[in-house]
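The block underneath contains the structure these notes are about, expressed in structure tokens.
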Amino acid sequence: MKRIPKLIKFPTDLVQQIETYRKKKKISTFSGAVYALLRKGLQGTDRDNVR
């Protein structure tokens, strides 16, 4: 998979929530946790649009 670098600044409270998710799911990197959460959110969006 080709990767495109993007600079993004996260609010402190969101970083803490992502870190908690990362540890709970035993994901090794912050980026990996963000990818997982984005995929999960996008899948939910697809289901919401099926009506």
Side chain to side chain donor-acceptor pair (under 3.5 Å) contacts touching residues 2-12 (sequence neighbours left out): Arg3-Tyr35
Name the atoms and distances for all side-chain donor-acceptor pairs under 3.5 Å in residues 13-21, with sequence neighbours left out.
residue: Glu19; atom: OE1; partner: Arg22; partner atom: NE; Å: 2.8
residue: Glu19; atom: OE1; partner: Arg22; partner atom: NH2; Å: 3.0
residue: Thr20; atom: OG1; partner: Gln16; partner atom: O; Å: 2.9

Residues clustered with Met1, ILVMFWY side-chain links under 4.5 angstrom: none
For Ile4, the rest of its hydrophobic cluster, which grows through side-chain links under 4.5 angstrom: none
Minimum heavy-atom distance between Ile27 and Ala36, given as atom pair plus value: CD1-CB, 4.2 Å
